[in-house]
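Not measured: the values here are computed from a predicted model.
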Amino acid sequence: MTLQALFSKLGKVRSEGKEWKALCPAHADKNPSLSIRQTDGKTLVHCHAGCPTEVVLAALGIEARDLFEDGNRGRRIVAEYAYCDEKGELLFQVVKFDPKDFRQRRPDGKGGWSWKLNGVRRVLYRLPELIAARSVVVCEGEKDCETARALNLVATCNPHGAGRWRPEYSEFLRGKRICIVADADQPGRKHAQEVAVSLHGKAESLKVIETPSAKDLSEWVANGGTRDSLLELIRNAAEWKPTGSITNGFTLLPLGDLLTRPDIPVEYVVENLLVSGTVSGVVAKPKVGKSTFARNLCLAVSRGDKFLGFETRRGECIYLALEEREEDIKNDFRAMGADGSEPILVHAAAAPAEGIAKLCDLVRERRPILVVIDPLFRLARIRDEKAYAEVYAELGPLIDVAREAGTHVMLTHHAGKSAKADAIDAPLGSTAIGGAVCTLVHLKRTETIRTLQTVQRIGQDIPETVLQFDVESRSLSLGQEKTAADLQAIGETILEFLKGTDEPKTENDIDGAVEGKTGQKRRALRSLVTQGKISREGVGRKGDPYTYRFSFPCSPYIPGTRERELGKWPDTRTNTGDILVPDIAANPQRGDDSGEQAFWEGKL
């Protein structure tokens, strides 16, 4: 990757001697804390705020090898290994090069390849074959899998090599007879044990073997090993049992072993917002827009489109609409631009008995990318929503199945009547909901705007931010932070007040005429002075207080003869035409066909 290509992914890049500085993409950076420099044919990045390099690279959507010179030049492809989903559709390839190296690529949708797997689902090799099989050989790499297939055995491996097994992979092998063939070296044996631990209690039969006098299965077969001799090795092997401290079903892993395990990058359904294999909650009072939020999310994920400006991982979505009519769901998705080709499965009816258990079975069967429960209490059978133990017991199976299947489960839920200072306390009833979810999304409504705020266990929290609504596409986007929007609105009100008066006004005069917090009005005044929209006189002391008047750009302002001069307000001003809740009083003639009007009335 060239420096120019890297800089295009960063913000506020500037040169500082022999290196460059930029905003770090891994945290909410306001003053550039990421340094970039080149040495010995490679590019080095370092976040001085403490973000690990691998997290910075993940946020950029690149790998460490992308920072080395020459990329794929001078190398020859010698093997391509296709990873497909359950239906046999290609997700990505592992490509082997000569000189020996491995890289991954995915179809770019234009007949070519992208060498980034951002948002691509990770699955086991030869997935359709192993799903249909009763007995499966688990190898360390694709080459050994192909060797086993040449012996007429079903074989699989995980992508990215040793140490990269994920818990959700084991679900594909549940109930099967498994033999893990370990490479005869320390990383290979360790990897085999990690896979065995993950499969323990899930597989019908579980064995671990090594091929004698060979480093791996392929070398063993090249030296004369046969199918019959391999099957004999498997038959003679004892059932694998975990070593160490195993008590009453708990596998106790020594901390030293845990610390040596390789880090697995966080996989997102929505970048930096919703994590695969976790549960989230969207909480709001009635008629604020929980369902519209959830449907926008489903449509974006099903298409792989951005959601609220964040990248998404494309895949199948299941939407449980448990309190609305099928006709309403159809009309809403149609208005949002859905054409029916999207992989979204809709249940628009009452929840079945034992709804949570049935949903868990469905997730294990289909393994969708996203499941939305709208709303939670129409699926969960909870008698006392304030009982922590009862609520958490209902949520527990959802947390478990999300982790097993790698699915993200989002639930919508009502907020309590009273405003809470902490968003984590916003859900109606027990605090078990706020405590159990990985991401809590809190939607709120004021007289003029709607806002979004998140509390996240993984990733950076989103501060209370204006939520905008595009009428034509029915799509959502993030605007300004609410504090900035409030400050701007107060500034516009002050500006209008000063336009309509001939005499300069003191801060006390303005404080009495303009609604809002005093501190915000003071900040708005200073901002208007800095921008040259108003002038200030006086020294700000007793006897000579600050006074303010509207600054005329060229000619005196005569009330009733001059248009409002707000055109020079910064480009970041709130576009009230795009805010979810418009100023209805200021636009009394808006028809009922307005998408914003319908949203305000709770129809969307």
Self-check item: By side-chain contact (heavy atoms from CB on, under 4.5 Å) - contacts of A196 (at least two apart)
Solution: I180, L206, V208, W240
Exercise. Tell me, please, which residues at least two apart from F172 pass ring-ring contact (aromatic ring centres under 6.0 Å, His included).
Key: none
Self-check item: S341 and D339 side chains, donor-acceptor separation under 3.5 Å
Solution: yes
Quiz item: Restricting to pairs with a member in residues 367-378, which pass side-chain hydrogen bond (donor to acceptor under 3.5 Å, both in side chains), not counting sequence neighbours?
Solution: S291-D374, Y319-D374, D374-T412
Quiz item: With R313, which residues qualify under salt bridge (charged side-chain N to carboxylate O under 4.0 Å, His left out), at least two apart?
Solution: E267
Quiz item: Near R366 CZ, under 6.0 Å, is it more than 12 heavy atoms from other residues, nucleotides or ligands?
Solution: no
Quiz item: Would you call R126 and E146 a salt bridge, using N to O less than 4.0 angstrom?
Solution: yes
Self-check item: Counterpart residues, side-chain contact (heavy atoms from CB on, under 4.5 Å), relative to A349 (two or more places apart)
Solution: H347
Report all side-chain donor-acceptor pairs from residues 85-93 shorter than 3.5 Å, counting only partners two or more places apart or in another chain.
unit_1, atom_1, unit_2, atom_2, d
D85, OD1, K87, N, 2.9
D85, OD1, G88, N, 3.0
D85, OD1, E89, N, 2.9
E86, OE1, R121, NH1, 2.9
E86, OE2, R121, NH2, 2.7
Q93, OE1, R105, NE, 2.9
Q93, OE1, R105, NH2, 3.0

Quiz prompt | Under the salt bridge (charged side-chain N to carboxylate O under 4.0 Å, His left out) test, residues paired with D328 that sit two or more places apart | solution = R325
Quiz prompt | side chain to side chain donor-acceptor pair (under 3.5 Å) partners of Q104, counting only residues at least two apart | solution = none
Exercise. Report the residues that fulfil salt bridge (charged side-chain N to carboxylate O under 4.0 Å, His left out) with E323, sequence neighbours left out, ordered by chain and then residue number.
Key: none
Quiz item: Under 3.5 Å, is there a donor-acceptor pair between the side chain of K207 and the main chain of I234?
Solution: yes
Exercise. Could I get the full list of side chain to side chain donor-acceptor pair (under 3.5 Å) partners for E168, not counting sequence neighbours?
Key: none
Self-check item: Any donor-acceptor N/O pair, T292 side chain to G289 backbone, under 3.5 Å
Solution: no
Quiz item: Would you say the side chains of S135 and R177 form a donor-acceptor pair under 3.5 Å?
Solution: yes
Self-check item: Partners passing side-chain contact (heavy atoms from CB on, under 4.5 Å) against N331 (at least two apart in sequence or in another chain)
Solution: E327, R334
Quiz prompt | Pairs satisfying ring-ring contact (aromatic ring centres under 6.0 Å, His included), at least one member in residues 349-385, at least two apart | solution = F377-H413
